[in-house]
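Here's the structure we're looking at; comments come further down.
Naming convention: chains lettered A, B, ... in sequence-line order (proteins, then strands); numbering from 1 in each chain.
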2 protein chains.
Amino acid sequence: MSSDVQNTPEAPADRPPSARERILDAAGPLFYREGFRAVGVDRVIAEAGVAKATFYNHFPSKDDLIVAWIERAEGFSAAALPPDDGPTPLTAYVAAMLDVARAERCLGCTFQNTAAEFSARDHPAHAAALAVKRRVIAELERRAVLQALPEPKAVAQRLFLLLEGVWAAVRMFGPDAPLDTARDAARRLIG
Amino acid sequence: MSSDVQNTPEAPADRPPSARERILDAAGPLFYREGFRAVGVDRVIAEAGVAKATFYNHFPSKDDLIVAWIERAEGFSAAALPPDDGPTPLTAYVAAMLDVARAERCLGCTFQNTAAEFSARDHPAHAAALAVKRRVIAELERRAVLQALPEPKAVAQRLFLLLEGVWAAVRMFGPDAPLDTARDAARRLIG
DNA sequence: CAAACTACAGACAGGTCTGTCTATATGTCA
DNA sequence: TGACATATAGACAGACCTGTCTGTAGTTTG
C-alpha cells in the first residue's frame, strides 16, 4: 500500500529530491502542525522553494496534495512499525505507539485531524484517513492472531479505541497528556 | 460552571430568544457539523437572521463566538449527565456517554474537533476545549470515588482515554464506528 | 543542433474571509 | 414627545485564498 509514495526509502541515491518530494516534505509538517485549511498553497510553495506552476503541475488541486500527504504519512508510520515475529507482536505494536505518542514532537494523529477538519466522510481526504484507520484495525487483529489471543477481533477493536484516545489526548493536552495509565489500560484490554 | 450561558434552562418564558441566543443556536450546529474555519460569519448571521452589526455587537470577533459556543456546548453536555446518586455513578456516566456516541446524529466530540482545528494550545478556543476535558477527567474521578473504587485517579484516566477514543472513532467512521466492544472495554478498565 | 520537458518567477482573476461603516427602523423609558 | 438602546440591511475595505496564465531558463533526449 502507498508504495508509490514510498518508492525510494532504500534508494535515496545522491541526486537532490525532486520537486514533488520537496513539496510533500514542506507540506507535511505544516499540515500536521497547523492544519490543512490553515496552510495555504502559497506557504507550501514558498517553503518548498518551488514555483506555483510546478506545484499545480504535480498536484491538480490542493486536495490532491492533502491526499498524497496522507498516503505518505501512512507509509512513514508503517515503516516505523515494530517487527511482528516476536512472541507478542500485538503488545509490541501498542508499546511502540505509546512511545511515539509520548515523544516531545508528537501532536497527535494526523488522520484524526483530517477527519476533524473534513467532516464529510466522502471528502477525499476524510476517505483516505478512514481507509488508513481500517488498515490499522486490520493490523491490530492480524497481530492479535499471531499472538494467539482468543477473540482477536474484539481485542483489536478495544485496543484501537484506546489508542485513538491516546492520540486525541496528546493533541488536546500536549506533553501533559494523561498517559500514565495507558500501558496498564492496554494490558487490561488485551486480557 | 458555564452557568452564564445556561442561565435560562428552566425559564424560557414565552418571549422569543434574544439575538445572542439566536446567533449561538445557528452557529452551534454549523460549527459542529462543518468545522470552525469552514463556516464563515456571513453564514452564521444568515442562518440566525441577524444583522452583521448585531453580531459584532454581541461578539467582538469570531473567536469570541467560538469560545462562547464551546462553553455553551459544555453546558449542554453537563445538563445531560446521568444522576450521580446511584450505586455505580461512574458506570452510569460511561454508559450514558456510549449511548450518546452511538446516536445517529453524533459526529464525535466538538472539543476534540476544536483542538484539531486550532492546534496552538494557547489559542482561546483550544484552551477552552482543554479546560472542558480537564473537568471531564475530574468528574470521572469524582464518580470513581463515589463508586468506592480503588485508585480512582487511575480508573478515571483509563476511562477518559477510552472515551476519547470512542469520540474519535465516531468522527472518523460515522455510524459504522467499531463500538461493539466499547462497553466491554470500559468494564475491563473499571476493574 | 533541435525538440521536448520541466523548472523558475510572479502577475492576475475571481472568490471568500473578517471586521467596519453608514443609514434607517423599532421599542422602551423618562 | 424626546432620548436612548438595539435592531435592521447592506456597502465597503483590506487581506487572503485557489487556481490560471505569461514568459524565461536550463536540462535531457533524439
Side-chain angles (χ1 to χ4, degrees), chain A residues 4-5 7-8 13-28 30-31 33-70 113-114 117-120 123-126 128, chain B residues 7-8 13-28 30-31 33-70 113-114 117-120 123-126 128:
Chain A
D4 48 334
V5 296
N7 53 356
T8 53
D14 44 7
R15 69 179 166 206
S18 71
R20 189 177 198 275
E21 280 173 289
R22 270 184 299 153
I23 292 169
L24 283 166
D25 287 343
L30 291 175
F31 285 158
R33 286 200 294 257
E34 306 186 32
F36 298 104
R37 284 195 157 98
V39 174
V41 169
D42 283 339
R43 281 250 322 278
V44 172
I45 69 170
E47 194 87 8
V50 152
K52 207 161 194 179
T54 304
F55 174 90
Y56 279 102
N57 189 32
H58 286 285
F59 303 97
S61 75
K62 185 186 175 185
D63 277 355
D64 291 276
L65 170 64
I66 293 172
V67 171
W69 148 248
I70 290 170
N113 297 338
T114 305
E117 208 157 357
F118 303 103
S119 57
H123 187 287
H126 189 127
Chain B
N7 54 355
T8 52
D14 44 7
R15 69 180 167 206
S18 70
R20 188 177 197 276
E21 280 173 290
R22 270 187 297 154
I23 292 168
L24 283 167
D25 286 343
L30 292 174
F31 284 157
R33 287 200 294 257
E34 306 186 32
F36 298 103
R37 285 196 157 97
V39 174
V41 169
D42 284 339
R43 281 256 315 282
V44 172
I45 69 170
E47 193 88 8
V50 151
K52 207 161 194 179
T54 304
F55 174 89
Y56 278 102
N57 188 34
H58 286 286
F59 302 98
S61 75
K62 185 187 175 185
D63 277 354
D64 290 275
L65 170 65
I66 292 171
V67 171
W69 148 249
I70 290 171
N113 296 338
T114 305
E117 208 157 356
F118 303 103
S119 56
H123 187 287
H126 188 127

Side chains of A/Asp64 and A/Ser61: any donor to acceptor distance under 3.5 Å?
yes

Of the nucleotides D/dT8, C/dT20, C/dA7, which one has an atom closest to the side chain of B/Lys52?
C/dT20

How close do B/Lys62 and B/Gly40 get, heavy atom to heavy atom, and via which atoms?
NZ-CA, 4.5 Å

B/Ile23 CD1 - D/dT6 P separation (whole Å)
13 Å

Can you tell me if A/Thr54 touches the phosphate of C/dT6, counting only side-chain N or O atoms and a distance under 4.0 Å to OP1 or OP2?
no

For the pair made of CG in A/Asp42 and P in D/dC16, what is the distance, rounded to whole Å?
10 Å

Roughly, in whole Å, what's the span from CD1 in B/Ile45 to P in D/dA9?
9 Å

Out of D/dA7, D/dA9, C/dA7, which nucleotide sits closest to the side chain of B/Ala53?
D/dA9

Atom CZ of A/Phe59 to atom P of D/dT18: distance rounded to whole Å?
14 Å

Between CZ of B/Arg37 and C1' of D/dA15 the distance, given in whole Å, is 15 Å

Assign A/Ala19 to base, sugar-phosphate, or nothing according to its heavy-atom contacts below 4.0 angstrom with the strands shown.
sugar-phosphate

Quickly work out the A/Phe55 CZ to C/dA7 C1' distance and round it to whole Å.
15 Å

Rounded distance in Å - NE2 (B/His58) to P (C/dG19)
16 Å

Pick base, sugar-phosphate or nothing for B/Arg22, based on heavy-atom distances below 4.0 Å to the nucleic acid.
sugar-phosphate

Write down the atom of B/Arg37, the atom of A/Glu34, and the distance for their closest heavy-atom approach.
NH1-O, 4.4 Å

Do the non-hydrogen side-chain atoms of B/His123 and B/Asp63 ever get within less than 4.5 Å of each other?
yes

Stepwise side chain to side chain contact (heavy atoms under 4.5 Å, CB included) check, B/Val41 with B/Tyr56:
CA-CA 10 Å; B/Val41 169; B/Tyr56 278 102; 3.8 Å; yes

In whole angstrom, what separates A/Ile66's CD1 from D/dT18's C1'?
12 Å

So what does A/Asn57 touch, heavy atoms closer than 4.0 Å: a base, only the sugar-phosphate, or nothing?
sugar-phosphate

Of the candidates C/dT20, D/dG19, D/dT8, the side chain of B/Val50 sits closest to D/dT8

If each of A/Arg43 and A/Pro60 is mapped to the nucleotide of DNA chain D with the nearest heavy atom, which maps nearer the 5' terminus, i.e. the 5' end?
A/Arg43

